[in-house]
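First comes the structure, then the notes that go with it.
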Amino acid sequence: AGLGPDPEVLPPILISEIMYHAFGDDERDEYLEIHNRSGRPVDLSGWRFTEGIAFTFPAGTQIAPGAYLAIAKDAARIQAEYSMTNVLGNFELQLNDGGERIRLEDPKGLVINEVRYDNGRGWPRWPDGWGSSLEVTDLHAANEAPSAWAASDEGAGSQWTPFQTTAA
């Protein structure tokens with residue numbers, strides 16, 4: 001008989017990108033991105049980040065299937081800097097440059113997704129003040145482990161595609 005949700009079932013929304021230590025150390029450049037990996041729209045009204053940052057999604061906030069949504073420390077700045085239109089803000093607190101837990105909960109307090117990123121211990125080094133963000137490498141897998149993340153590629157002509165390096 002059912003004892004609760006299947007632990008193998010992945011949540012529809014996941015934290016897919018983290019800009020925690022931007023080049024230049026300006027906290028206004030911090031943002032998170034979430035992704036709806038389900039095949040249906042998700043109503044985010046009242047969902048909130050309860051660790052890492054403080055932000056509650058306003059009533060009526062929807063995310064379409066397959067869509068991305070950024071949550072920024074300074075939404076206007078991120079919209080202008082990256083020509084993004086899907087940005088909400090402004091979140092309270094500041095992402096820790098040394099790493100911390102980020103937790104997303106629904107209105108009932110159910111943890112939808114959480115990640116504990118770090119600036120060491122197997123996590124990519126380029127997002128730690130060198131201009132890259134952390135990006136999930138597989139949107140259809142769990143995102144808790146460092147191996148699920150890579151540094152974004154900010155090279156000339158880049159469209160924010162992730163890359164990963166391996167030691168020889």
With a 4.5 Å cut-off on side-chain heavy atoms, are Leu95 and Tyr117 touching? yes

Taking ring-ring contact (aromatic ring centres under 6.0 Å, His included) as the definition, give me every residue that meets it alongside Phe55, ordered by chain and number, with sequence neighbours left out. Phe57

Roughly how far, to the nearest 0.5 Å, is the CG atom of Leu134 from the OG atom of Ser152? 8.0 Å

Under the salt bridge (Lys or Arg N to Asp or Glu O under 4.0 Å) rule, collect the residues that match up with Arg121, sequence neighbours excluded. Asp118

Which residue pairs satisfy the salt bridge (charged side-chain N to carboxylate O under 4.0 Å, His left out) criterion with at least one member in residues 46-58, sequence neighbours excluded? Arg48-Glu105, Glu51-Arg101, Glu51-Arg103

List the residues meeting side chain to side chain contact (heavy atoms under 4.5 Å, CB included) with Ala142, not counting sequence neighbours, and say none if there are none. Leu10, Glu144

Without hydrogens or angle criteria, can the side chains of Asn143 and Asn113 be said to hold a donor-acceptor pair below 3.5 Å? yes

Taking only residues two or more places apart in sequence or in another chain, which ones pass side chain to side chain donor-acceptor pair (under 3.5 Å) with Ser45? Asp43

So, using side chain to side chain donor-acceptor pair (under 3.5 Å) as the criterion, who are the partners of Arg77 when residues are at least two apart? Asp26, Asp29

How far apart are the closest heavy atoms of Met84 and Ile78, and which atoms are they? SD-CG2, 4.0 Å

One should read off an interatomic distance between Asn86 CG and Ile34 CD1, to the nearest 0.5 angstrom, of 10.0 Å

Please examine the side chains of Met19 and Ser132, heavy atoms only from C-beta on, and report whether any two atoms are closer than 4.5 Å. no

With sequence neighbours left out, the residues meeting ring-ring contact (aromatic ring centres under 6.0 Å, His included) with Phe23 are none

Check the pair Ile102 / Leu32 against side chain to side chain contact (heavy atoms under 4.5 Å, CB included), numbers first and verdict last. CA-CA 10 Å; Ile102 300 170; Leu32 302 174; 3.6 Å; yes

Is a side-chain donor or acceptor of Arg37 paired with a backbone partner of Pro11 at a separation under 3.5 angstrom? yes

I'd like to know if Leu104 and Leu93 are part of one continuous hydrophobic network [Ile/Leu/Val/Met/Phe/Trp/Tyr, side-chain heavy atoms within less than 4.5 Å]. no

Shared hydrophobic cluster, Leu88 / Ile18 (ILVMFWY, side-chain heavy atoms < 4.5 Å): yes

Trp149 and Pro124 have their tightest heavy-atom pair at O-CG, 3.9 Å

Hey, could you give me the OG1/CZ distance between Thr56 and Phe91, rounded to the nearest 0.5 Å? 13.5 Å

Who are the side chain to side chain donor-acceptor pair (under 3.5 Å) partners of Tyr20, not counting sequence neighbours? none

Only counting residues at least two apart or in another chain, list the ones meeting side chain to side chain contact (heavy atoms under 4.5 Å, CB included) with Glu92. Ala54

Non-hydrogen side-chain atoms of Leu14 and Val115 separated by less than 4.5 Å: no

Ring-ring centroid check Tyr82 Tyr31, cutoff 6.0 Å: yes

Kindly indicate whether the side chain of Gln62, heavy atoms from C-beta on, has any atom under 4.5 Å from the side chain of Leu44. no

To the nearest 0.5 Å, how far apart are CG in Leu139 and NE2 in His35? 4.5 Å

Partners of Pro107 by side chain to side chain contact (heavy atoms under 4.5 Å, CB included), sequence neighbours excluded? Trp47

Whether Asn36 side chain and Ala64 backbone form a donor-acceptor pair below 3.5 Å: yes

Can you name the side chain to side chain donor-acceptor pair (under 3.5 Å) partners of Asp138, sequence neighbours left out? none

With sequence neighbours left out, the residues meeting side chain to side chain contact (heavy atoms under 4.5 Å, CB included) with Glu33 are Ser16, Glu17, Tyr68

For Thr137 against Ser147, the heavy-atom pair lying closest together: OG1-O, 4.1 Å

Counting distance only, does the side-chain N/O of Asp106 pair as donor-acceptor with the main-chain N or O of Leu110 below 3.5 Å? yes

So CD1 of Ile112 and CD of Glu114: to nearest 0.5 Å the spacing works out to 11.0 Å

Asp74 and Arg28 have their tightest heavy-atom pair at CB-O, 3.6 Å

